[in-house]
Enquirer: 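Pasting a structure below so you can have a look.
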Amino acid sequence: MRDPGARPNHPPHTMISPYQPDSVEQAAREHWDSSRCFEVAEDDGKDKFYCLTMFPYPSGKLHMGHVRVFTISDVIARYQRMQGKHVLQPMGWDAFGMPAENAAIQRGVPPAQWTYQNIDYMRGQLKRMGYAYDWTREITTCRPDYYRWEQWLFTRMFRKGLVYRKNSVVNWDPVDQTVLANEQVIDGRGWRSDAPVERREIPQWFMKITAYADELLDELDRMPGWPDSVKTMQRNWIGRSEGVELSFDVPGAEAPLTVYTTRPDTLFGVTYMAVAAEHPLAQKAAETDAAIAEFVEACRKTDATEATFETMEKKGLPLGIDAVHPLTGEPVPVWVANFVLMSYGTGAVMAVPGHDARDWEFAKKHGLPIRQVIGSADGAPVDVQAEVYTERGVLVNSGDYDGLDYEAAFNAIADHFEKSGTGRRKVNFRLRDWGVSRQRYWGAPIPIIYCDDCDAVPVPEDQLPVVLPEDVEFTGVGSPLRDMPSFYETTCPECGKPARRETDTFDTFVESSWYFARYACPDAGDAMLDERARYWLPVDQYTGGIEHAILHLLYSRFFQRVMRDEGLVESSEPFTNLLTQGMVLKDGAKMSKAKGNTVDPQELIDRYGADTVRLFMMFAAPPEQALEWSDDGVQGSFRFLKRFWTAVHEHVAAGTAGPVDPQTLDAAQKDLRRKTHQTIEKISDDIGRRHSFNTAVAAAMELLNAIGRFDDTSPAGRAVVREALDAVVLMLSPMVPHICEALWNALGHTDALIDQPWPAFDASALAQDTVELVVQVNGKLRGRIGVAADADKDAIVALALADPNVQRFVADQSIRKTIVVPGRLVNIVV
RNA sequence: GCCCGGGUGGCGGAAUUGGUAGACGCUGCGGACUUAAAAUCCGCUGUCCGCAAGGACGUGCGGGUUCGAGUCCCGCCCUGGGCACCA
């Protein structure tokens, strides 16, 4: 027995210099900087690995979400480098956006100046964190040498018909006379004016992402490197549906009411129609009916978000007009309703209250008839007066179509309309074209010139970029570009007459839809991309917040295809593997500038060093889950690094240790060596396959704890410890690279840690003579037995039954069944 | 409202393919060292019963499948993200 409290083999701490993160981390940084080891060029002889993080908006300083995602990506990059890959990991700035405008309003600093200052500060913070970036590739999207190429691509798309202009709805603040972002609308009111927000239609530019809808959808089935949840979200977002477009005649109206339905089988159940407030029928009725006019006006006074639209109270009024049912010839009343939008589809819907939940509620509220036209396939009773029935079933009350199932009815009815020429089968997408116009200053100018004679003309290539003037006075009401004749006054590229530039700027998602490609060739001066993009793309590992699961990732997939069709890149998909990291939450909510609930990582870096912060972020939660921030635990990570430091230095202080000779080890030495190689196997899998960094850290801690308990100063014992310490330093180096750099040197290695291969485990070290099995009786744990690793089932069961406690529960009952799970358990069922 | 996640001790989390629930860490409690404090080290730490051996209960709630369920199925509750102008 050892004396508890006594620690063998450890000289007094005074002999060992304490862990001082500042000097350790500075030394490591200087080594990486001077050796320029993270700068990479194309090398066809090597297996490339492009490791990318969603680039940050330069909001001022790093926040915990940044630290988390950048550390995840850095761990993967460094791990892959140790796997022998030729790793590119770049960094840059998503530099356009609203916060710069808000800062300008609040502090009177021009957006450009504010942005560049933030970038300088945050770049310093990133360097302090020790991320393995190739800084020679840094991209800043608000620089003309970057955004000129998206302007160029836009003009190419213009000529291909992939961009167009149409009217579209925005949030209008009637007091500030300005367009508001959804974020700036709070409970239906403008954030600064507090005035009720209205919907307003203005002409805006759109990119035809719907032209790629089928491809974007289909390819999801061949993307095993993406999480299923993200693929499902994108599938639902694209929302492909097969239906029928058909028309209801409206006597006296100029045009029939055209509607799209995915449930033509329910056509006989239509009891009313609903049109949008902006629909011509409603507009016409409003001219003569004050109540309708008032309703139509009220519909305009709501913001333009889908969430508002879906949750608001469903309202409507009858227009006093009837449509004619195309199959029965019966009159169907037409209503105007606030839940139909003119901008989606045809601005009119057919209502089947018996078999559609929203229609059912609306019908109940307004006393409209509910008609059952679908019965259950198994004959179970259906009462649509009491409850809506939305299942696909068998047609009833549907004339000649009675008895048909969904598919047969769909086809019969679709055929009927196609034969008579009054309707057709149609594939519809929920996905809408991408509106890229923003009525803001701090963005890339849309390269269009408006000429009275030639209409909208794209800026010719030799006149690009259209440079955003950076030295402006920014007031926050409207865009300063609208008040700058020096910006907008120009001449038409086609006819040479005086003309006017577009003053709207691009959605900032445009910049982030192709930056990943530009990192391959950030200095390409005469092309958007060059051949280097073909070498590096696609991105092998992309890491970023789950909040980007749809918009950013879908727009990037779209742009990748546009660039492909332009001959700029080869691959169709930009990101082979995707890791969506969870948010860092504080008080249960997303940390954000807007909410002001941020925790500043800088304070922790100053106090404990970058490695402690990195380690804590990796250890506190698995990467894909949300992480509720807590100040507890950072201290624990620091304590671990101190123990790690001390363990290595104590071992070194006791003199050199030779190589392990596996043939001569005693049982305890074999145990530690087995633990070492089990840990290598586990951490390799945790980092390489599972991205389970928290369990990788835990496994390293366990091994270090085992080393601490190991009391053996013999040459063989010290050799086994030495092997274990080398392995821990190598395996923790992706997560805590600075301290590992120092410890690697302390262990006497002369070649750089950064160039070391990942350790391999020795399968022969894992072998065990006896294994412990759990014994259950009826699935309940009743004992444990040690058995030979190669014991057969009968021997195991016999041994299990010999256990006194197992005996107690089996007693004289007859054994009905025994189950042996090799290496795990025995279950005796009585 | 719709789509996608999550819910396990006092806390963060582990349990990878249906097979020992609570690894690892934090907190707390007790102890060693110290004039003292900090730091460090050792031990204990899901709840309840029991001197102990051991037992009962226990993974948001209610059902189900199975020799065996945190894990699979059905129905709920709570909570995070997205919903096209926050990025």
Enquirer: Counting only side-chain heavy atoms from C-beta out, which of G81(B), G82(B), G1(B) sits nearest to Met233(A)?
Expert: G81(B)
Enquirer: Would you mind classifying the nucleic acid contact of Ala626(A) as base, sugar-phosphate or nothing, using non-hydrogen atoms under 4.0 angstrom?
Expert: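 Ala626(A): backbone/sugar contact only, no base atoms under 4.0 Å.
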Enquirer: Do Thr210(A) and Trp434(A) make a side-chain contact, defined as non-hydrogen atoms from C-beta onward lying under 4.5 Å apart?
Expert: no
Enquirer: In terms of the nearest nucleotide of RNA chain B, which residue is placed more toward the 5' end: Arg816(A) or Asp228(A)?
Expert: Asp228(A)
Enquirer: Under 30°, 30 to 60°, or over 60°: which ring-plane class applies to His552(A) and Tyr515(A), parallel, tilted or perpendicular?
Expert: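 Because their plane-to-plane angle lies in the 30° to 60° range, the rings of His552(A) and Tyr515(A) count as tilted.
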Enquirer: Would you confirm whether the ring centroid of Phe362(A) sits within less than 6.0 angstrom of the ring centroid of Phe339(A)?
Expert: yes
Enquirer: For atom C1', what is the distance between G13(B) and C57(B), given to the nearest Å?
Expert: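 Taking atom C1' in both G13(B) and C57(B), they lie 23 Å apart.
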Enquirer: Closer than 3.5 angstrom, by distance alone: can the side chain of Lys208(A) be matched with the main-chain N or O of Tyr164(A) as a donor-acceptor pair?
Expert: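 No, because the side chain of Lys208(A) does not come within donor-acceptor range (under 3.5 Å) of the backbone of Tyr164(A).
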Enquirer: With a 3.5 Å cut-off and just heavy-atom distances, do the side chain of Gln184(A) and the base of C86(B) make a donor-acceptor pair?
Expert: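 Flag unset: no donor-acceptor pair detected.
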Enquirer: Base, sugar-phosphate alone, or nothing: which one does Arg430(A) contact when heavy atoms must sit under 4.0 Å apart?
Expert: base
Enquirer: Identify whether any heavy atom of Phe509(A) sits under 4.0 Å from a base atom; if not, whether one sits that close to sugar-phosphate; answer base, sugar-phosphate or nothing.
Expert: base
Enquirer: If I pick the C1' atom on A21(B) and the same atom on U59(B), what distance separates them, to the nearest angstrom?
Expert: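 Their C1' atoms lie roughly 8 Å apart.
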Enquirer: Would you mind classifying the nucleic acid contact of Leu431(A) as base, sugar-phosphate or nothing, using non-hydrogen atoms under 4.0 angstrom?
Expert: base
Enquirer: Give a yes or no on whether the backbone of Leu220(A) and the side-chain of Gln234(A) come within a donor-acceptor separation of less than 3.5 Å.
Expert: no
Enquirer: Would you mind classifying the nucleic acid contact of Gln635(A) as base, sugar-phosphate or nothing, using non-hydrogen atoms under 4.0 angstrom?
Expert: nothing
Enquirer: According to a strict under-4.0 Å criterion, is Asn236(A) in side-chain N/O contact with OP1 or OP2 of C2(B)?
Expert: no
Enquirer: Taking only side-chain N and O atoms of Arg440(A), does any of them lie within less than 4.0 angstrom of OP1 or OP2 on A87(B)?
Expert: no
Enquirer: Considering every strand and a 4.0 Å limit on heavy-atom distances, what is the contact class for Val774(A): base, sugar-phosphate, or nothing?
Expert: base
Enquirer: Using heavy-atom distances to pick each residue's nearest nucleotide on RNA chain B, tell me which of Gln776(A) and Asn182(A) is more 5'.
Expert: Gln776(A)
Enquirer: Return the nearest nucleotide to the side chain of Asp685(A); candidates are U16(B), G81(B), U20(B).
Expert: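 Looking only at heavy atoms from C-beta outward on Asp685(A), the closest nucleotide is U16(B).
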Enquirer: Would you mind telling me which of Thr508(A), Asp507(A), Asp504(A), Thr505(A) makes a side-chain hydrogen bond (donor to acceptor under 3.5 Å, both in side chains) with Arg438(A)?
Expert: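 Only one option passes, and that is Asp507(A).
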Enquirer: Measure from the side-chain N and O atoms of Asp433(A) to the backbone N and O of Ile209(A), and report whether any donor-acceptor pair falls under 3.5 Å.
Expert: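 Yes, the answer is positive, given that a donor and an acceptor are paired below the 3.5 Å cut-off.
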Enquirer: Scan Val179(A) against the nucleic acid and name what it touches under 4.0 Å (heavy atoms): base, sugar-phosphate only, or nothing.
Expert: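 If one applies the 4.0 Å heavy-atom cut-off, Val179(A) turns out to touch a base.
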Enquirer: Only pairs with both distances under 3.5 Å count, Watson-Crick or wobble alike; so what is the partner of C72(B) in this structure?
Expert: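 Because both required distances fall under 3.5 Å, C72(B) counts as paired with G64(B).
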Enquirer: Name the nucleic acid region contacted by Val185(A), choosing base, sugar-phosphate or nothing; use a 4.0 angstrom heavy-atom cut-off, strictly under.
Expert: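 Nothing: the residue Val185(A), judged by heavy atoms under 4.0 Å, touches no strand.
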Enquirer: Assign Thr695(A) to base, sugar-phosphate, or nothing according to its heavy-atom contacts below 4.0 angstrom with the strands shown.
Expert: sugar-phosphate
Enquirer: Rounded to the nearest Å, what distance is computed from the CE atom of residue Met617(A) to the P atom of nucleotide G13(B)?
Expert: 12 Å
Enquirer: Would you measure the distance from the P atom in U65(B) across to the matching atom in G10(B) and give it in whole Å?
Expert: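 It comes out at 31 Å once rounded to the nearest Å.
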Enquirer: Test for a donor-acceptor pair under 3.5 Å between the base of C85(B) and the side chain of Gln204(A), counting only N and O atoms.
Expert: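 Between C85(B) and Gln204(A), which were checked side chain against base, a qualifying N/O pair under 3.5 Å is present.
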Enquirer: Rounded to the nearest 0.5 Å, how far apart are CD of Glu101(A) and OG1 of Thr115(A)?
Expert: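 Between Glu101(A) CD and Thr115(A) OG1, I get 9.5 Å after rounding to 0.5 Å.
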Enquirer: Using the side-chain heavy atoms of Val829(A), tell me which of these nucleotides is nearest: A21(B), C67(B), A87(B).
Expert: C67(B)
Enquirer: Assess whether one donor atom and one acceptor atom, taken from the side chain of Lys780(A) and the base of U20(B), lie less than 3.5 Å apart.
Expert: no
Enquirer: Check whether any side-chain nitrogen or oxygen of Lys642(A) sits under 4.0 Å from OP1 or OP2 of U40(B), and answer yes or no.
Expert: yes
Enquirer: Rounding to the closest angstrom, what is the interatomic distance between C42(B) and U47(B) at atom C1'?
Expert: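 Their C1' atoms lie roughly 27 Å apart.
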Enquirer: So does Ser17(A) get a backbone contact from the side chain of Trp645(A), meaning a donor-acceptor N/O pair under 3.5 Å?
Expert: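 A pair under 3.5 Å: yes.
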Enquirer: Can you tell which of A87(B), U16(B), A56(B) lies closest to the side chain of Arg690(A)?
Expert: U16(B)
Enquirer: Please state whether the phosphate of A87(B), meaning OP1 or OP2, lies under 4.0 angstrom from any side-chain nitrogen or oxygen of Thr508(A).
Expert: yes
Enquirer: With a 4.0 Å limit, can you tell me whether Arg709(A) has a side-chain N or O closer than that to the phosphate oxygens OP1/OP2 of C42(B)?
Expert: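 Negative; the distance criterion is not met.
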Enquirer: Side chain of Asn827(A) only, please: which of G19(B), U16(B), G13(B) is the nearest?
Expert: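 Shortest atom-to-atom distance from the side chain points to G19(B).
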Enquirer: Base, sugar-phosphate, or nothing: which does Arg824(A) touch, judged by heavy atoms less than 4.0 Å apart?
Expert: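 Sugar-phosphate: the residue Arg824(A), judged by heavy atoms under 4.0 Å, touches backbone atoms but no base.
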Enquirer: What interatomic distance, in whole Å, is found between P of A15(B) and the corresponding atom of G25(B)?
Expert: 16 Å
Enquirer: Using a cut-off of less than 4.0 Å, is there contact between a side-chain N or O of Arg639(A) and OP1 or OP2 of C26(B)?
Expert: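 For C26(B), OP1/OP2 do have a side-chain N/O of Arg639(A) under 4.0 Å.
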Enquirer: Which part of the nucleic acid, if any, lies within contact of Tyr19(A), taking any heavy atom under 4.0 Å across all strands shown: a base, the sugar-phosphate backbone alone, or nothing?
Expert: nothing
Enquirer: What nucleotide, of A14(B), C85(B), G1(B), holds the atom closest to the side chain of Gln625(A)?
Expert: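 Closest of the options to the side chain of Gln625(A): A14(B).
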Enquirer: Does any nucleotide pair with A52(B) by Watson-Crick or G-U wobble geometry, both distances under 3.5 Å, and what is it?
Expert: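 Per the H-bond distance test, none.
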Enquirer: Whole Å only: how far is the CG atom of Leu220(A) from the C1' atom of C4(B)?
Expert: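 The distance from CG of Leu220(A) to C1' of C4(B) comes to 14 Å, rounded to the nearest Å.
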Enquirer: Side chain of Leu825(A) only, please: which of A84(B), U20(B), A23(B) is the nearest?
Expert: U20(B)
Enquirer: Ignoring hydrogens and angles, are the base of G5(B) and the side chain of Glu624(A) linked by a donor-acceptor pair under 3.5 Å?
Expert: no
Enquirer: Describe the nucleic acid contact of Arg358(A) in one word from base, sugar-phosphate, nothing, applying a heavy-atom distance below 4.0 Å.
Expert: nothing
Enquirer: Identify the nucleotide, in any strand shown, that forms a Watson-Crick or G-U wobble pair with C29(B), with both distances under 3.5 Å; if there is none, say none.
Expert: G43(B)
Enquirer: The side chain of Arg432(A) lies closest to which of these nucleotides: U20(B), A87(B), A84(B)?
Expert: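 Among the listed nucleotides, the one closest to the side chain of Arg432(A) is A84(B).
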Enquirer: Remember a base hit wins even if backbone is also touched, and classify His548(A) as base, sugar-phosphate or nothing at under 4.0 Å, heavy atoms.
Expert: base
Enquirer: Going by a 90° cut-off around 0, is G9(B) syn or anti?
Expert: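 That one's syn.
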Enquirer: Answer yes or no: is there a donor N or O on one side and an acceptor on the other, between the side chain of Tyr146(A) and the main chain of Glu511(A), under 3.5 Å?
Expert: yes
Enquirer: Check the phosphate of A87(B) against Arg438(A), side-chain N and O only, distance under 4.0 Å to OP1 or OP2. Yes or no?
Expert: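 Result: no.
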Enquirer: Within the 4.0 Å heavy-atom criterion, would you say Thr305(A) contacts the bases, only the backbone, or no part of the nucleic acid?
Expert: sugar-phosphate
Enquirer: Nearest to the side chain of Asn694(A) - A87(B), G13(B), C85(B)?
Expert: G13(B)
Enquirer: For G18(B) and A69(B), measure between their C1' atoms and round to the nearest Å.
Expert: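 To the nearest whole Å, 7 Å.
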Enquirer: Would you measure the distance from the P atom in C44(B) across to the matching atom in U34(B) and give it in whole Å?
Expert: 24 Å
Enquirer: Looking only at the side chain of Arg808(A) (C-beta and beyond, no hydrogens), which of the listed nucleotides G55(B), A14(B), U20(B) gets closest?
Expert: G55(B)
Enquirer: Distance between the P atoms of U40(B) and C26(B), in whole angstroms?
Expert: 10 Å
Enquirer: Would you kindly give the CG-to-P distance between Asp507(A) and A84(B), to the nearest whole Å?
Expert: 12 Å
